[in-house]
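Each remark here refers to the structure printed beneath this line.
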Amino acid sequence: MEKGKIGVLLSGRGSNFKAIFEKVKSGEIKAEIVVVISDNADAQGLEFAKENGIETVSLDIKSFPSRKDYDRKIIDILKGKAVDLVLLAGYMKIVGEEFVSSFKNRIMNIHPALLPSFPGLHAQRKALKYGVRYSGCTVHFVDEKMDHGPIILQAVVPVYQDDTEESLSERILREEHRIYPEAVRLFFEGKLEIRGRRVFIKQE
Ligand code: GRF
């Protein structure tokens, strides 16, 4: 059987991408990463992909006549590579409606908070400021609204009195690296079933 194909979109460090790459390499995720695309030519994640022989593409959004054209270019690249699952891994752009409908229920994102709390940027800072005792991270399918689609997995971490944005982010990131690869593994094993907003995980 042919292996599933993953396309990754990232803008920076790429630690989630690396965590997923490791599980692909070890065979726990039954798929291959066929392309890594970035809106930032200097993204560390792109470097890592190149070093590991994965095809990379960097696109300068300013060189496209419109946002739609930029998105369309990405859709074309992903379709051209017959990508089954698109992973947003620290991708700092919002994906447009056409993108979402081209890969319906086949785009995942990781967010560093327990959605629906603290969507958008600086989620860890917002959680700390709000005073929650627990925060965490969420892997979800992407729909038309930001940080909104059906939730696949979440992990909870405590917030300590002496936490800073950095210390809380670090604690959350460790969980991100655990649950994002896990969600991808479940996807390629056909264990995720979406019913409305709810994602059911078939018994292993
Ligand atoms: C992570 O905190 C992720 O939850 C958020 O962006 C950050 C990306 O980190 N969406 P990295 O590039 O994967 O290291």
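Read the numbers this way: they start at 1 and go in the same order the structure lists the ligands and their atoms. FYI, side chains are in, hydrogens and waters are out, and symmetry mates aren't considered; it's all heavy atoms of this structure.
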Distance-only, no hydrogens or angles: does the Asp69 side chain make a donor-acceptor pair with backbone N or O of Phe64 under 3.5 Å?
no
A student comparing Glu176, Arg13, His177 should find that the heavy atom closest to atom 3 (C) of ligand 1 comes from Glu176
Please report which non-hydrogen protein atom sits nearest to [atom], along with the residue it belongs to and the distance in Å to one decimal place.
| atom | value |
| --- | --- |
| atom 11 (P) of ligand 1 | Ser15 N, 3.4 Å |
| atom 8 (C) of ligand 1 | Gly90 CA, 3.6 Å |
| atom 10 (N) of ligand 1 | Ile110 O, 2.9 Å |

Just which atoms of ligand 1 are under 4.0 Å from any heavy atom in Pro112?
2 (O), 4 (O), 5 (C)
Hey, does [Y] have a side-chain heavy atom less than 4.5 Å from the side chain of [X]?
| X | Y | value |
| --- | --- | --- |
| Phe17 | Leu87 | no |
| Thr56 | Ile37 | no |
| Leu88 | Met108 | no |

Quick one: is the NZ or CZ of Lys79 closer than 6.0 Å to the six-membered ring centre of Phe103, and within 45° of its axis?
yes
If you measure every N/O of Gly14 against every N/O of ligand 1, is any gap under 3.5 Å?
yes
Can an N or O of Asn109 be found at a distance shorter than 3.5 Å from an N or O of ligand 1?
no
Looking only at heavy atoms, the pair that brings Asp84 and Phe187 closest together is O-CZ, 4.1 Å
